[in-house]
Amino acid sequence: MTSPQASSIASRTAGPARDESPVVLGAALLGFFLISLDALIVTVALPDIGRSLGGGMSALQWVVDGYALVFAALMLSAGAVSDRIGARRAYGGGLVLFALASAACGVAPALGVLVAARLVQGGAAAVMMPASLALVRQGFPDQAKRARAIAVWTVGGAVAVAAGPVLGGALTAFAGWRWIFFVNLPAGLLALALLSRVPASPRLPSRLDTAGQLTAVAAVGALAFGVIEGGEKGFGRPLVVVSLLMAVVSAALFLATQARGTHPMLPPPLFRSRVVAVSLIVGFTLNAAYYGGVFVFSLYLQQERGQSALHAGTLFIPMTALVAVVNLASAKLAARFGPRVPMVAGQLVGASGSLAPLTVSPHTPVGAVAALMVPVGLGGALAVPALTALLLDAVPADRAGTASAALNTARQTGGAIAVAVFGALLSGADTFLSGMRWSMLLAAVGLLLTAGAAATLPSAGLRPTEP
């Protein structure tokens, strides 16, 4: 479900000699593959991690959300950091930090250490994401060649998302769960070797919105903590109540800083467009359904149906195998019918896939369960490229980078919050199956609502392009 990102995130950098282009693309692609892979590779390994290091549902949720939340919260500022110190330096620093954090995850002696290392991983990934696109812009100054390079870069992320559960299951089964993190080290070293051959990037003036960044981290982190801990220990506990109140206050402060700040991360005028607002909500909901669904089904297949990590990973192949192909089909459909058609259709397909698990019983064959998950993956793959194109067409060119970063943030936040909420539903339900049904029903309702909102967007500006 990885979407094409706007090349304009990185459009402010200059390009080196063309001979360096393949090296630049290789370095950028490897890093993007790694940060996309680590969003899902850990999910299938959660039961083994729990048995090895101890901890209940909330602790395992933090193994997933520690990465996703920091990734999402720092995404908006990371582009400014990349501009200020240069894309090559930012990317290299992010790669080194990501590799060190991966090694720390692999040797973690306790669950708390693992979660802390995952937080660092997420921060490194946030720096690497915009810097990798800046490197692509740097290596491909020609617009046509740059478009093809970004398409390759995007497919790399799609392949990583598709491979995550399968590779995670295989590594856990044959080498142990720690190798889902150690596998990052050789790929990271190769990316650094390629990066050493890339010319230095220019440094550009860029200002950080410190107040906005701090309040954004506080709001997202406090919300996730409150939901995760409340689901396992009860929402009436004082610490949970305080955390949720802190999330509300921090969110209000964030909105205030954006409205009054001189250099806000999210300029308020950008969100006066209904197309932009709906696009961000759709992106949030699509990732919530996909990442939340993978989290729930990974636990269900192993804890409730007794499947090994390897078998559970292979059962995700039908759901993920066609993601990259459907991404490309979505672009063609958007070119012929306009972006609204595949965007709405994808959400409806995803909603049908989220409703299908309501029919699952303790005796449903696991192969049938795997088949029921397929529409969730295909729906997102169909909707996200069109969604990205729609959003970028709706904003001025000088705001495209900010809009794309906002979409990435919304999507990552959606996945993280879904893991928190679905985990709370699983913890609070009488049976795992009941919690799973409520989780997927919530995902389906969200997708149906956002599909309705997308279908009512004004037709102006949403016309298909000429074939």
Side-chain angles (χ1 to χ4, degrees), residues 1-9 11 143-144 146-148 150-155 157-158 161 269-290 322-354 375-411 414 444 446-467:
M1 275 180 52
T2 304
S3 65
Q5 307 301 326
S7 62
S8 53
I9 294 179
S11 61
Q143 185 176 7
R146 184 167 64 247
R148 290 193 292 270
I150 290 175
V152 174
W153 180 88
T154 301
V155 170
V161 170
L270 188 68
F271 300 96
R272 291 174 188 155
S273 164
R274 187 178 169 208
V275 173
V276 172
V278 170
S279 297
L280 296 183
I281 295 171
V282 170
F284 178 98
T285 307
L286 284 168
N287 263 40
Y290 186 83
L322 297 177
V323 167
V325 175
V326 178
N327 276 166
L328 297 175
S330 173
K332 293 181 179 180
L333 288 172
R336 182 169 183 179
F337 300 108
R340 187 169 54 183
V341 171
M343 181 176 165
V344 173
Q347 292 175 85
L348 294 177
V349 171
S352 69
S354 297
V376 176
L378 296 186
L382 182 63
V384 169
L387 162 67
T388 306
L390 178 66
L391 173 67
L392 296 177
D393 287 345
V395 299
D398 62 347
R399 293 294 190 188
T402 300
S404 184
L407 177 59
N408 272 303
T409 299
R411 293 182 61 208
L447 286 170
L448 289 172
L449 290 175
T450 54
T456 60
L457 287 174
S459 58
L462 303 182
R463 298 182 184 278
T465 58
E466 291 295 330

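Worth knowing before you read on, the calculation uses all heavy atoms, side chains too, and leaves out hydrogens, waters and symmetry mates.
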Verdict with reasoning, Leu280 to Thr409, per side-chain contact (heavy atoms from CB on, under 4.5 Å) = CA-CA 9 Å; Leu280 296 183; Thr409 299; over 6 Å; no
To the nearest 0.5 Å, what is the distance between [atom1] on [X] and [atom2] on [Y]?
X      : Y      : atom1 : atom2 : answer
Gln347 : Leu447 : CD    : CG    : 6.5 Å
Arg340 : Leu333 : CZ    : CG    : 15.0 Å
Leu348 : Leu448 : CG    : CG    : 6.5 Å
Asn408 : Arg411 : CG    : CZ    : 6.5 Å

Practice task
Run the numbers on Val276 and Leu391 for side-chain contact (heavy atoms from CB on, under 4.5 Å), then give the verdict.
Solution key: CA-CA 6 Å; Val276 172; Leu391 173 67; 3.9 Å; yes
*asked:* Keeping Ser330 on the side-chain end and Leu382 on the backbone end, is there a donor-acceptor pair under 3.5 Å?
replied: yes
| query | Is the side chain of Ser354 donor-acceptor paired with the backbone N or O of Gly350 at a distance under 3.5 Å, no angle test? | reply | yes
Within the structure provided, determine whether Leu449 and Ile281 are in side-chain contact (heavy-atom separation under 4.5 Å). no
Could you tell me whether the side chain of Leu390 reaches within less than 4.5 Å of the side chain of Val275, counting heavy atoms only? yes
Shortest non-hydrogen pair, Ala383 vs Leu286, comes out as CB-CD1, 3.7 Å
When every non-hydrogen atom of Val376 is compared with those of Gly353, the smallest separation belongs to CG2-C, 3.6 Å
Query raised in the report: Just by distance, with hydrogens left out, do Arg274 and Ser279 show a side-chain donor and acceptor under 3.5 Å apart?
Result: no
